Amino acid sequence: MNFDKRILCIGAGYVGGPTMAVIASKCPRYSVTVVDVDQGRVDAWNSGKPPIYEPGLDEVVRQGLGRNLFFTTDIARGIRENDIIFVSVNTPTKTFGAGAGLAADLQYWELAARQILEHADSSKIVIEKSTFPVKTAQAMERILMSRNDGIHFDVLSNPEFLAEGTAIRDLVNPDRVLIGSRSTERGLKARDELVAIYANWVSRERIITSNIWSSELSKLASNFFLAQRISTINAISAVCEKTGADVSEVAKIVGMDSRIGSRFLNASVGFGGSCFKKDILNLVYLCRVEGLEEVADYVEKVVLINEYQKERFVLNMLTAMFNTLAGKKICLFGFAFKADTGDTRESPAIQIARKLLDEHAEVVITDPQALVSAREDLADVEWGVSYVEDPYEAVRGCHAIAVMTEWNLYRELDYSRIHDLMVKPAFIFDGRNILDHQALYEIGFNVYPIGKRPMSHF
Ligand code: NAD
Ligand code: UGA
């Protein structure tokens with residue numbers, strides 16, 4: 001079949017897979033190929049049963065497979081045969097050398113850039129889809145410009161704003177699509193080519209264009225703003241617990257100010273996910289390198305409060321359960337970093353589980369999608385942790401439940417039955433404030449929400 005455009009994406013992960021599946025479904029006249037070094041991931045995508053859990057994803061992928069959506073490990077061929085190349089590789093925090101623990105590890109994107117350089121036999125538009133530090137596009141240009149044989153590469157920044165669990169909805173109906181380009185004639189032409197792709201389904205007013213550096217920084221700034229709201233309400237939750245105020249009431253009242261808005265004000269055990277922490281630390285690194293120490297300290301506080309919130313959660317458990325957790329069985333309801341995903345990267349549950357094990361508690365983990373990842377995250381733990389799919393089985397013989405993930409499933413369980421299965425006095429620590437605390441208290445539980453007065457029978 002003759003396609004109107006030929007698109008490649010390097011990286012078939014949480015962003016590359018869903019984003020390309022949606023482009024393929026919205027643009028049936030484009031060919032969309034996704035390449036990855038991970039054969040297992042590629043096989044899973046090709047089987048129609050994607051390697052990640054995301055509501056609505058399976059259907060979009062199945063629509064495209066064999067029509068205009070292709071997954072492969074043949075990177076050289078992918079680069080040769082496509083004109084528009086998205087780079088959606090992982091950009092984790094660097095764990096070694098200068099900037100370790102703060103800066104982004106850029107080895108994956110540099111390898112991708114070098115592969116493009118090696119295999120391209122015609123000019124390409126190269127699009128940064130991953131979240132990169134400011135000025136990465138410039139570095140990518142410098143690598144790609146090193147060929148000097150008439151083949152030209154135009155680098156654009158097109159950061160992704162989707163959230164896991166709502167990825168398909170976010171991609172189909174985005175708040176905005178951001179495209180950063182150079183303002184040269186070639187740069188603007190490349191930008192218009194990318195605008196035309198999104199214009200197949202996104203209204204023109206929602207497609208924002210900017211210079212490359214604004215685009216790169218806006219992505220980091222957006223994640224900083226979002227995470228900052230969570231750390232702010234979590235800081236307020238600590239004040240609520242000391243003063244008798246109720247964090248849900250405070251959040252509702254504050255959020256009714258239309259200048260503030262009501263979303264992203266749910267107090268929790270802490271934010272997780274692969275990006276908030278790494279992107280904020282990346283911004284901290286940028287500020288420190290530029291000598292903006294005060295700004296760096298301000299930004300970093302968002303991560304520090306998040307760590308504090310997790311520590312506080314376990315300390316509250318310890319204090320409530322008579323200052324010892326040794327030998328007690330504690331069931332974690334949920335291990336994913338948020339509902340509707342199987343992703344556990346940076347999930348607060350990982351740290352909570354480890355802190356409970358440090359207290360010599362026994363930890364039972366249940367989650368409808370994340371048990372495989374949970375086992376990998378705690379693979380080094382030799383004793384004291386078990387994984388049980390059925391929540392009723394998981395709570396059997398437990399002294400406490402700690403809600404880690406806001407899965408709807410946990411709102412709908414039969415808590416009288418659960419109470420019967422547990423050791424008394426039975427405790428619930430609701431790290432997401434999703435349960436009916438009064439009803440639980442009446443059943444006989446001692447209930448410890450976040451940022452609210454505990455409801456205890458003694
Ligand atoms: P991921 O780890 O799920 O996927 C990255 C994939 O790239 C992996 O499958 C890896 O094997 C592959 N890869 C790495 N180098 C490669 C190479 N040279 N050739 C071929 N394949 C290669 O990561 P992700 O969650 O999809 O995130 C990707 C980027 O998008 C990150 O920069 C992240 O910050 C950003 N982002 C993520 C989300 C999210 O919700 N996960 C949202 C917005 C932005
Ligand atoms: C976040 C952003 O929302 C996306 O816009 C961005 O594209 C993405 O990061 C990224 O760059 O990777 P994501 O991490 O998938 O998306 O999920 P969020 O819904 O933002 O939740 C992040 C964490 O904050 C979760 O652990 C969630 O439970 C927690 N959270 C969220 C709260 O504790 N309280 C809230 O009110 C909202």
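Since we're looking at a predicted model, the values are computed, not measured. FYI, side chains are in, hydrogens and waters are out, and symmetry mates aren't considered; it's all heavy atoms of this structure. Along the sequence shown, residues are numbered consecutively beginning with 1. Just so you know, ligand 1 is whichever comes first in the structure, and atom 1 is the first atom listed for that ligand.
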Which ligand 1 atoms are under 4.0 Å away from a heavy-atom of I75?
-> 19 (N), 20 (C)
Could you tell me whether the side chain of R6 and the main chain of E81 form a donor-acceptor pair under 3.5 Å?
-> yes
Should you measure from each heavy atom of S130, which atoms of ligand 1 turn up under 4.0 Å away?
-> 29 (C), 30 (O), 32 (O)
Worked check of side-chain contact (heavy atoms from CB on, under 4.5 Å) between V239 and K242 = CA-CA 5 Å; V239 183; K242 293 283 181 209; 5.7 Å; no
Among I52, V15, D38, N223, which one has a heavy atom closest to atom 38 (C) of ligand 1?
-> V15
N/O of K219 under 3.5 Å from N/O of ligand 2, yes or no?
-> yes
Subset of ligand 1 atoms that lie under 4.0 Å from at least one heavy atom of L162 = 40 (O), 42 (C)
How about Y30 and F3: are their ring centres within less than 6.0 Å of each other?
-> no
Pi-cation contact, F337 with R345 (under 6.0 Å, within 45°) = no
Pick from V89, V87, I10: the one approaching atom 29 (C) of ligand 1 most closely through a non-hydrogen atom = V89
Once the angle between the rings of F333 and Y415 is folded into 0 to 90°, is it parallel (under 30°), tilted (30 to 60°) or perpendicular (over 60°)?
-> tilted
Would you indicate which of D279, T341, N90 comes nearest to atom 2 (O) of ligand 1 when only heavy atoms are counted?
-> N90
Using a 4.0 Å heavy-atom cut-off, say whether K219 meets ligand 1 through its side chain, its backbone, both or neither.
-> side chain
For T91, the atoms of ligand 1 under 4.0 Å from one of its heavy atoms are 31 (C), 32 (O), 34 (O)
Closest heavy-atom approach to atom 5 (O) of ligand 2 among F276, F161, F337 is made by F161
Under a 4.0 Å heavy-atom limit, does C275 contact ligand 1 with its side chain, its backbone, both, or neither?
-> side chain
CZ (R453) with more than 12 external heavy atoms under 6.0 Å | no
Near S88 (heavy-atom distance under 4.0 Å), the atoms of ligand 1 are 5 (C), 28 (C)
Is it the side chain (CB and beyond), the backbone, both or neither of R345 that lies under 4.0 Å from ligand 1, heavy atoms counted?
-> side chain
Pick, from E160, E54, K129, the option with the minimum heavy-atom distance to atom 43 (C) of ligand 1.
-> E160
